[in-house]
Structures are given as C-alpha cells and as structure tokens.
Amino acid sequence: MKILIAPDSFKESLEALDVCHAIQSGFSQVFPNADYTLLPMADGGEGTSAVLSYVLGGRWKEVSVHDPLMRPITAKYLLLPDATAVIEIAQACGLHLLTEAERNPVVASSYGVGELIADALGEGVKRIIIGLGGSATNDAGLGMLMALGMTFHDVNDSLLTHGGGALASLHRLDSTSLHTKVRETVFEVACDVTNPLCGLLGASAVFGPQKGACPQQVADLDKALSHFAATCAQHGYPECQEVAGAGAAGGLGYALMSFCNAQLKSGFDTVAEVASLSEHIADADLVITGEGKLDVQTAMGKVAGGISQLAKATHTPVIAICGSVDGLKPTQTNQFDVIMPSIQKIDSIDNVLRTAYHNIETTAVNIAASIKLGQNLK
C-alpha cells in the first residue's frame with residue numbers, strides 16, 4: 001500500500017514536516033510495511049520555504065537586511081538547484097518582527113524585502129518565488145522598490161521617506177537606477193489574498209487595523225495608496241490596482257505586478273506545482289492530508305481542500321486529520337473520504353497545542369486500525 005502523507009502545518013503547534021512524522025508514526029504501528037511518502041505542504045505563506053527545502057533541497061542564505069522600522073536584522077531565503085529563489089516577505093517586513101506598540105503602517109517599510117530580492121539577483125537566479133503574507137507594511141512596495149534602486153520624489157524633488165504615509169507626497173518616480181536584472185527575472189507571487197489595492201476591500205481598510213492603524217490612519221493610507229497608483233499610471237506603469245491580490249501584503253502585490261511584471265498565483269497551486277504534488281497523488285493508493293482547523297476556508301485555496309480536488313482526478317481516497325472542524329456543511333465535508341479531528345480530550349488551548357504531536361499520532365493509529373479492521377471483515 002502506497003500512502004502519501006501531505007499535510008499543512010498545524011498553526012502554533014507543529015510544522016508540516018512534524019505533522020508528517022506524527023501521522024507516519026501512527027500509521028506504521030498498524031501498517032509497518034506500507035510504502036510511505038512524506039510531502040509536507042504549504043499555501044504560500046510562512047513555512048513555504050521550509051517545505052520546498054525539504055522537497056527539493058537547495059541551500060539557505062542568510063542576509064543582513066532592515067526590518068519594517070529600518071533596524072538591521074538577519075533574514076534568510078532559499079536558493080533552489082534550478083536557479084530559483086524562494087523569498088518569504090515576512091522574513092524582512094513581518095508583523096512578528098514588531099512589538100504591538102511598534103506597529104505603525106504609516107512608517108513601516110518593505111525595504112528589507114527589496115534587499116532580499118537584490119541579494120538573490122546577485123546570486124544569478126532566473127526565477128524568484130515570493131510568498132506574500134504576514135507583513136507589517138502598507139507602503140505598496142515603496143521600500144522594496146527603493147532597495148532595488150528606484151527613487152521617489154515629492155513636489156520639491158526631495159526623496160520620499162519610508163512608510164505608507166509617504167506615498168501621499170509622491171510627485172515623480174525614476175527607474176533609471178532600477179536593478180538591471182529585475183526585468184530579466186521571472187517573478188511568481190504566491191498569494192491567496194484577493195483584495196484590490198484600495199477601497200473598502202483594499203489593503204488599508206482590511207489589513208491596516210491589525211498592523212496598528214487607527215480609523216483615521218486607515219483612511220489616510222487608502223488615499224495615499226490611490227495617489228501612488230495614479231502617479232505610477234501617469235508615468236506609464238500598468239494600472240494593476242484593481243487586480244485581485246494587488247492589496248496583498250500592504251500593496252506589495254501591486255508593486256510586484258506593476259514594476260516586476262510578476263504573476264500572482266494561488267499559493268497552494270504554486271507550491272503544488274513546484275513539488276509535483278499531482279504526480280505524487282497519482283502514484284498513491286491513499287492520501288492523508290490535514291491542517292489545524294477545517295472550516296469554510298479549507299476549500300478556498302488551502303492545502304487540504306486543494307489536495308482533495310487534485311485527488312478527485314485520479315479517484316484516490318483522501319483522509320483529512322485536523323485539530324478541529326468548524327462550521328463545515330455536508331457539501332463541504334464530502335470532498336474528503338474521512339475527516340478525523342485529533343483533539344483527544346477537553347483541555348486548555350495551551351495543552352492542546354503542546355500535545356498536538358501525540359494527538360495526531362494517536363488519531364493516525366486509530367484510523368489505520370479501522371482500515372485494517374475493514375480489510376479483515378471483507
């Protein structure tokens with residue numbers, strides 16, 4: 001029996017590879033001779049680089065960059081053997097890099113993301129996969145573009161400062177010194193956010209508050225983004241502000257499309273393609289996937305839902321192991337052959353997170369035992 005184990009991480013408790021090991025440990029207690037393939041998965045957010053490193057190899061490179069408040073930090077990205085770099089923007093401009101008191105998208109900069117990209121270009125990569133998610137910024141990629149050599153000027157021809165608030169002062173931009181390899185490189189953006197750049201569903205309105213913006217700042221930032229996009233259009237750059245995903249990561253989606261000719265793709269689809277997930281599913285007799293919580297978002301580009309859709313093409317049965325199930329309707333659960341929550345008892349959230357490995361392993365044992373019982377009853 002060939003068993004493909006391809007879960008997402010269980011947020012705040014286990015990385016995807018740890019989930020793989022827990023499931024294999026449980027199943028192998030019942031089926032020790034099964035052929036197990038471990039394929040940890042991700043949807044383009046944090047942890048994507050680690051997943052691709054496990055699946056494809058490559059090497060990590062640490063770089064000295066600047067955090068959202070322009071303080072020096074060390075960040076890393078992944079270099080794959082096929083001249084591809086995988087960069088998670090949260091490494092350089094992530095919300096987790098700031099204390100709650102420090103959160104302020106008016107001044108937070110994406111400069112460090114540009115530094116990571118510039119370093120990868122210096123390594124001679126031909127393709128850069130960028131995972132958007134978890135940013136502290138709302139600057140439409142202003143900082144990133146500065147780090148790549150572009151200059152932005154106000155009406156007095158002074159250089160703009162950092163942060164989303166500075167966008168409102170933009171009068172002129174100059175790409176003369178833009179890194180020469182940007183236009184020679186393929187940029188693919190893994191993104192599951194569909195928000196436009198501006199408006200009620202835009203970057204500022206939807207994500208600004210969690211990044212520290214008060215209502216007035218949200219309104220000001222939205223106007224600043226709109227002004228930035230209009231000025232860029234006047235300078236001949238593509239009008240991408242209404243494209244789904246333009247508002248991702250505080251407008252980094254917009255900047256990557258407008259200035260780097262990037263393609264925005266589903267994060268799950270990007271990882272699945274690079275990891276040859278379809279081929280692994282086609283070769284399996286059984287697929288086991290999972291995530292921390294199965295809910296209405298599972299079918300909206302998340303790992304478990306994406307795997308179930310791919311498995312339908314080859315009629316491969318899919319079991320989903322999760323921490324909990326929340327609000328799923330029968331039409332949303334029938335995409336899996338089995339859904340099994342792993343929490344063993346009522347407990348505090350801290351204990352549930354701490355015992356996740358044991359709970360998943362125990363659940364895997366019980367599922368395997370049920371399969372074996374079914375085989376014996378035939």
## Note on the structure
With Asp139 as partner, the option from Cys93, Ser109, Pro105 fulfilling side chain to side chain contact (heavy atoms under 4.5 Å, CB included) is Ser109
Side chains of residues 180-190: which donor-acceptor pairs under 3.5 Å do they make with residues two or more places apart or in other chains?
from	atom 1	to	atom 2	distance (Å)
Thr185	OG1	Lys181	O	2.6

### Query
Going through the distances and angles, do Phe152 and Leu159 end up as a side-chain contact (heavy atoms from CB on, under 4.5 Å)?
CA-CA 6 Å; Phe152 299 85; Leu159 293 175; over 6 Å; no
### Query
With the 4.5 Å side-chain cut-off for hydrophobic clustering, are Leu142 and Leu225 part of the same group?
yes
### Task
Go through the steps to decide whether Lys11 and Glu291 satisfy the test side-chain contact (heavy atoms from CB on, under 4.5 Å), and finish with yes or no.
CA-CA 8 Å; Lys11 194 171 183 179; Glu291 58 191 24; over 6 Å; no
### Query
Atom CG of Leu69 and atom CZ of Arg103: how far apart are they, to the nearest 0.5 Å?
12.0 Å
### Query
With hydrophobic residues grouped by side-chain heavy-atom distances under 4.5 Å, do Met144 and Val107 end up in a single group?
no
### Query
Under 3.5 Å, side chain of Tyr254 to main-chain N/O of Gly245, donor-acceptor pair present?
no
### Reported OG1-to-NE2 distance for the pair Thr363 and His358, which is rounded to 0.5 angstrom
8.5 Å
### Task
Heavy atoms only: give me the nearest Ala6-Ile307 pair and the separation to one decimal.
O-CD1, 3.0 Å
#### Entry: Rounded distance [0.5 Å steps], CZ in Phe228 versus CG in Leu167
6.0 Å
### Query
With a 3.5 Å cut-off and no angle check, do the side chains of Ser348 and Asp350 form a donor-acceptor pair?
no
### Task
Apply side chain to side chain donor-acceptor pair (under 3.5 Å) to Gln216 and list each qualifying residue two or more places apart in sequence or on a separate chain.
Asp220
### salt bridge (charged side-chain N to carboxylate O under 4.0 Å, His left out) evaluation trace for Asp82 with Lys126
CA-CA 8 Å; Asp82 66 347; Lys126 302 300 182 184; over 6 Å; no
### Query
Hey, does the side chain of His315 reach the backbone of Ala311 with a donor-acceptor pair shorter than 3.5 angstrom?
no
### Query
Hey, mind stepping through Phe336 and Ile319 against side-chain contact (heavy atoms from CB on, under 4.5 Å) and telling me if it holds?
CA-CA 6 Å; Phe336 303 101; Ile319 295 172; over 6 Å; no
Could you list the donor-acceptor pairs under 3.5 angstrom formed between side-chain atoms of residues 278-285 and any protein atom two or more places apart in sequence or on another chain?
from	atom 1	to	atom 2	distance (Å)
Asp283	OD1	Lys2	NZ	3.3
Asp285	OD2	Lys2	N	2.7

### Task
Enter the distance from Leu173:CG to Cys232:SG here, rounded to the nearest 0.5 Å.
5.0 Å
### Message
Tell me if a side-chain donor or acceptor on Thr355 pairs with a main-chain N or O of Asn351 at a distance below 3.5 Å.
### Response
yes
### Task
Write down the atom of Val125, the atom of Ala120, and the distance for their closest heavy-atom approach.
CG2-O, 3.3 Å
### Residue of the set Leu80, Val86, Leu78 for which side chain to side chain contact (heavy atoms under 4.5 Å, CB included) holds with Ser53
Leu78
### Query
Do any pairs count as a salt bridge (Lys or Arg N to Asp or Glu O under 4.0 Å) and have a residue in residues 63-81, sequence neighbours left out, and if so which ones?
Asp67-Arg71, Arg71-Glu102
### Task
Start with the C-alpha gap between Lys302 and Asp8, add the side-chain angles, then the distance that decides, and say whether salt bridge (charged side-chain N to carboxylate O under 4.0 Å, His left out) holds.
CA-CA 9 Å; Lys302 298 298 183 181; Asp8 198 353; over 6 Å; no
#### Entry: Expected output: side-chain Gln344 to main-chain Ser342 donor-acceptor under 3.5 Å
yes
#### Entry: Non-neighbouring partners of Ser308 that pass side chain to side chain donor-acceptor pair (under 3.5 Å), sequence neighbours left out
Gln335
### Task
Please confirm whether the backbone N or O of Ala255 pairs with a side-chain atom of Ser258, one donor and one acceptor, at under 3.5 Å?
no
### Task
Enter the distance from Met1:CE to Ile371:CD1 here, rounded to the nearest 0.5 Å.
6.0 Å
### Query
Taking only residues two or more places apart in sequence or in another chain, which ones pass salt bridge (charged side-chain N to carboxylate O under 4.0 Å, His left out) with Glu123?
Arg59, Lys61
### Task
Kindly give the heavy-atom pair with the smallest separation between Pro68 and Ala136, and that separation in Å.
CG-CB, 4.1 Å
### Message
To check you understand the geometry: which heavy-atom pair defines the closest contact between Ala233 and Glu239, and what is its length?
### Response
CB-CG, 3.6 Å
### Message
Main chain of Asp269, side chain of Ser266: is a donor-acceptor contact present, judged purely on distance under 3.5 Å?
### Response
yes
### Task
Take Thr84 and Ile128 through the test side-chain contact (heavy atoms from CB on, under 4.5 Å) and record every step on the way to the result.
CA-CA 6 Å; Thr84 295; Ile128 299 179; over 6 Å; no
### Query
Hey, what do you get for CD1 (Ile360) to CE (Met340), rounding to the nearest 0.5 Å?
13.5 Å
### Query
Excluding sequence neighbours, so at least two apart, what forms ring-ring contact (aromatic ring centres under 6.0 Å, His included) with His162?
Tyr111
### Task
Considering non-hydrogen atoms only, spot the tightest contact between His153 and Leu160 and give its length.
C-CD2, 4.0 Å
### Task
Test Ser9 against Glu15 for side-chain hydrogen bond (donor to acceptor under 3.5 Å, both in side chains), laying out the working first.
CA-CA 5 Å; Ser9 62; Glu15 297 298 323; 5.2 Å; no
### Task
State which residues pass side chain to side chain donor-acceptor pair (under 3.5 Å) with Ser169; sequence neighbours excluded, sorted by chain then number.
none
### Query
Do we see a donor-acceptor contact under 3.5 Å between the side chains of Thr176 and Asp174?
yes
### Query
What pairs with Tyr237 under ring-ring contact (aromatic ring centres under 6.0 Å, His included), at least two apart in sequence or on another chain?
Phe259
### Query
With a cutoff of under 4.5 Å between side-chain heavy atoms, which Ile, Leu, Val, Met, Phe, Trp and Tyr residues group with Ile349?
Leu353
### Any donor-acceptor pair under 3.5 Å from Glu88 side chain to Ser49 backbone
yes
### Query
Do Ile343 and Val338 share a hydrophobic cluster, counting only Ile, Leu, Val, Met, Phe, Trp and Tyr and linking them when any side-chain heavy atoms are less than 4.5 Å apart?
no
### Query
Going hydrophobic residue to hydrophobic residue with side-chain gaps under 4.5 angstrom, can you get from Met41 over to Ile339?
yes
### Summary
Closest non-hydrogen contact found for Thr270 with Ile129 is CG2-CG2, 4.0 Å
Mind listing the side-chain donor-acceptor pairs of residues 193-207 below 3.5 Å, one per line with the distance, residues two or more places apart or on another chain?
from	atom 1	to	atom 2	distance (Å)
Asn195	ND2	Leu201	O	2.7
Ser204	OG	Asn138	ND2	3.1
Ser204	OG	Asp222	N	3.4

### Message
Quick check: do His235 and Arg172 have side-chain heavy atoms less than 4.5 Å from each other?
### Response
yes
### Query
What about Leu17 and Val19, same hydrophobic cluster or not, with Ile/Leu/Val/Met/Phe/Trp/Tyr joined at side-chain heavy-atom distances under 4.5 Å?
yes
### Sequence-distant partners of Asp35, side chain to side chain donor-acceptor pair (under 3.5 Å), two or more places apart
none
